Amino acid sequence: MIWNTAETLPRKDIEELQLNRLRWQVEYAYDHVPFYHEKLDSIGLKPSHIQSLNDLQKIPFTVKDDLRDNYPTGLFAVPNREIVRFHGSSGTTGKPIVVGYTRNDMENWTECCARMVSAAGVTCEDTAQVAFGYGLFTGGFGLHYGLERVGVSVIPISSGNSERQLMFMKDLQTTVLIATPSYVLHLTEIMEEMGIAKEDLYLKTGLFGGEGHTPEMRELIEARMGINDTQNYGLTELCGPGVSYECLHHTGMHINEDFFIAEIIDPKTGEVLPEGSTGEIVFTTLTKEGIPMLRYRTKDITRLFYEPCACGRTHTRMDLIMGRSDDMMIIRGVNVFPSQVEAVLMGIEGIGQQYQLIVTTEKFMDRIEVQVELHDGGILDSYSNLEKLTNEIRHKIKTVLQIDVKVTLLNPKTLERTAGKSKRVVDLRSKAF
Ligand code: DLL
């Protein structure tokens with residue numbers, strides 16, 4: 001179902017709207033965010049030089065480190081009194097990145113999520129269970145507002161506690177499940193353990209995002225849960241969920257093009273690639289008041305489709321994400337950079353320079369084991385010292401990453417040394433992404 005006629009505007013009208021909004025957004029960012037002002041000045045570019053959509057390419061990229069370097073609110077365009085919500089996500093090292101929404105930003109985000117919900121065929125007749133975390137992560141609140149806007153009955157159960165999730169699903173006759181795909185697969189395992197068959201549930205639709213899932217995972221989810229699986233995509237820096245989403249035709253994810261312009265670039269050279277090419281997707285926000293993003297490099301690899309979709313939406317679609325151009329991993333929906341773990345380890349006494357992250361899947365849930373060498377293997381002889389150090393590392397990593405990891409301390413010089421780049425991550429998960 002189409003939520004807003006803006007989703008079906010003729011191409012020419014979309015581009016006209018995009019250009020008007022782009023010119024506003026660039027001028028607004030230039031006038032309100034010193035970071036953009038200096039950046040554009042340094043190359044002699046004035047907002048008035050943006051006369052066509054192609055002129056967007058003249059603007060330099062923004063990257064995650066720009067948010068980190070300006071932590072917490074250095075890229076905000078308004079004072080905190082105009083911000084009605086903060087969210088956050090992992091930075092590349094210890095500090096998270098923080099974003100803020102004005103009241104209008106919240107309204108637009110809700111609109112984007114309402115479109116996503118409708119595109120999956122969800123209506124006010126449905127009951128939706130939001131198994132995304134409610135907190136700094138954008139998943140829970142983003143979907144929540146979009147669902148409420150459509151009039152769906154929302155169960156804000158948040159993430160975790162699978163037995164309770166399944167109890168509510170049964171007792172409140174949940175028809176829509178909202179979660180990361182890996183969590184959904186985990187739930188199917190618990191269903192098996194608890195002797196719950198898909199016929200015992202009322203599920204019809206899944207809205208899954210925050211991480212990718214392969215066609216094989218999709219088939220498995222559809223078969224085990226008996227639902228129509230739809231994917232959606234987004235990132236904290238742009239708003240969270242609601243950037244793009246699949247309709248029931250499963251022909252790629254429709255981008256909310258009246259709020260975001262997408263480009264595909266070569267991740268190595270930064271050059272914009274011709275239509276249809278695979279590369280890194282870069283987004284520019286068009287209406288953001290809290291924290292405008294000009295040409296934000298997502299590091300996500302995909303491609304764009306321009307052919308019309310049978311659903312009637314005219315916005316460009318993006319393919320399912322094929323991978324990343326950096327070393328970010330997504331563990332149970334949480335973004336994890338090896339550099340974050342490294343930053344923690346290097347601050348702990350008794351720990352050597354060598355470590356490795358082993359990523360595995362257990363019952364469809366991703367797990368990380370941090371193997372780290374000690375300075376002095378002697379500590380391995382004292383159980384209490386060993387436990388103390390292991391707990392300290394676990395606790396510090398949890399503070400930064402928000403997820404539990406297993407910590408294994410190793411004798412000095414246990415991990416393999418390489419002449420070139422050391423292999424910090426051993427990803428043993430069956431799904432590549
Ligand atoms: O994951 C926002 C979100 C929440 C989207 C819930 C959809 C549903 P971040 O935590 O900032 O924001 O992580 C953003 O997650 O750059 C992608 O690498 C990855 N990602 C998000 N959705 C998908 C997807 C939220 N459908 C990062 N497929 C992004 C593949 C995804 N990767």
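Whatever order the structure lists ligands and atoms in, that order sets their numbers, starting from 1. Residue numbers run from 1 in the order of the sequence given. No experiment lies behind these values; they were computed from the predicted model shown.
Residue G212 approaches ligand 1 through these ligand atoms, each under 4.0 Å from one of its heavy atoms: 28 (N), 30 (C), 32 (N). Residue I321 approaches ligand 1 through these ligand atoms, each under 4.0 Å from one of its heavy atoms: 28 (N), 30 (C), 32 (N). Using a 4.0 Å cut-off to heavy atoms of T138, the atoms of ligand 1 that qualify are 2 (C). Residue G139 approaches ligand 1 through these ligand atoms, each under 4.0 Å from one of its heavy atoms: 4 (C), 6 (C). The ligand atoms of ligand 1 that sit less than 4.0 angstrom from a heavy atom of N335 are 9 (P), 10 (O), 11 (O), 13 (O), 14 (C). Numbered from 1 in the order shown, with element, the atoms of ligand 1 that lie under 4.0 Å from a heavy atom of L235 read 11 (O), 12 (O), 14 (C). Of all the atoms in ligand 1, the ones that sit under 4.0 Å from a non-hydrogen atom of Q231 are 26 (N).
At least one heavy atom of F137 sits less than 4.0 Å from an atom of ligand 1. M328 counts as a contact of ligand 1, since one of its heavy atoms falls under 4.0 Å from the ligand.
By the 6.0 Å and 45° rule, R218 does not stack over the aromatic ring of F208. Figure legend: K288 and Y101 shown as a cation-pi pair, the cationic atom lying under 6.0 angstrom from the six-membered ring centre and within 45 degrees of its axis. Stacking of R424 on the aromatic ring of Y355 is recorded, both the 6.0 Å distance cut-off and the 45° axial limit being met. A cation-pi contact links R21 to F259, judged by a cut-off of 6.0 Å to the six-membered ring centre and 45° from its axis.
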Exercise. Between E107 and R103, does a salt bridge (Lys or Arg N to Asp or Glu O under 4.0 Å) hold up when you go through it step by step?
Worked result: CA-CA 6 Å; E107 175 57 33; R103 210 166 279 289; over 6 Å; no
Report task. Please step through ring pair (Phe, Tyr, Trp, His ring centres under 6.0 Å) for the pair F364 and H186, ending with a clear verdict. Result -> CA-CA 5 Å; F364 297 107; H186 179 68; 8.5 Å; no
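With a heavy-atom cut-off of 4.0 Å, L320 does not touch ligand 1 at all. If you look at F132 next to ligand 1, the close heavy atoms, those under 4.0 Å, all belong to the side chain. With a 4.0 Å cut-off on non-hydrogen atoms, R324 touches ligand 1 through its side chain and not its backbone. Under 4.0 Å from ligand 1, the heavy atoms of S89 that appear belong solely to its side chain. At a heavy-atom distance under 4.0 Å, only side-chain atoms of D300, from C-beta outward, approach ligand 1. Contacts with ligand 1 closer than 4.0 Å are made by no heavy atom of V334, backbone or side chain.
Put simply, the side chain of E7 never gets that close to the backbone of R313: no donor and acceptor are under 3.5 Å apart. With hydrogens and angles ignored, the 3.5 Å screen pairs no side-chain donor or acceptor of N256 with any backbone N or O of D258. Under a 3.5 Å cut-off, the side chain of T175 and the backbone N or O of D126 do not form any donor-acceptor pair.
For ligand 1, one of its N or O atoms has an N or O atom of T236 under 3.5 Å away. Ligand 1 has no N or O atom lying under 3.5 Å from any N or O atom of G209, backbone or side chain.
Taking the six-membered ring where the residue is Trp, the centroids of Y134 and F141 are separated by under 6.0 Å. Here F132 and H144 keep their ring centres 6.0 angstrom or further from each other.
Considering V243, I330, V99, N232 only, the shortest heavy-atom separation from atom 7 (C) of ligand 1 involves N232. Comparing heavy-atom distances from atom 15 (O) of ligand 1 across G323, C239, G210 singles out G210 as nearest.
Of the residues listed (L207, L143, T230), the one engaging V176 in a side-chain contact (heavy atoms from CB on, under 4.5 Å) is L207, and it is the only one.
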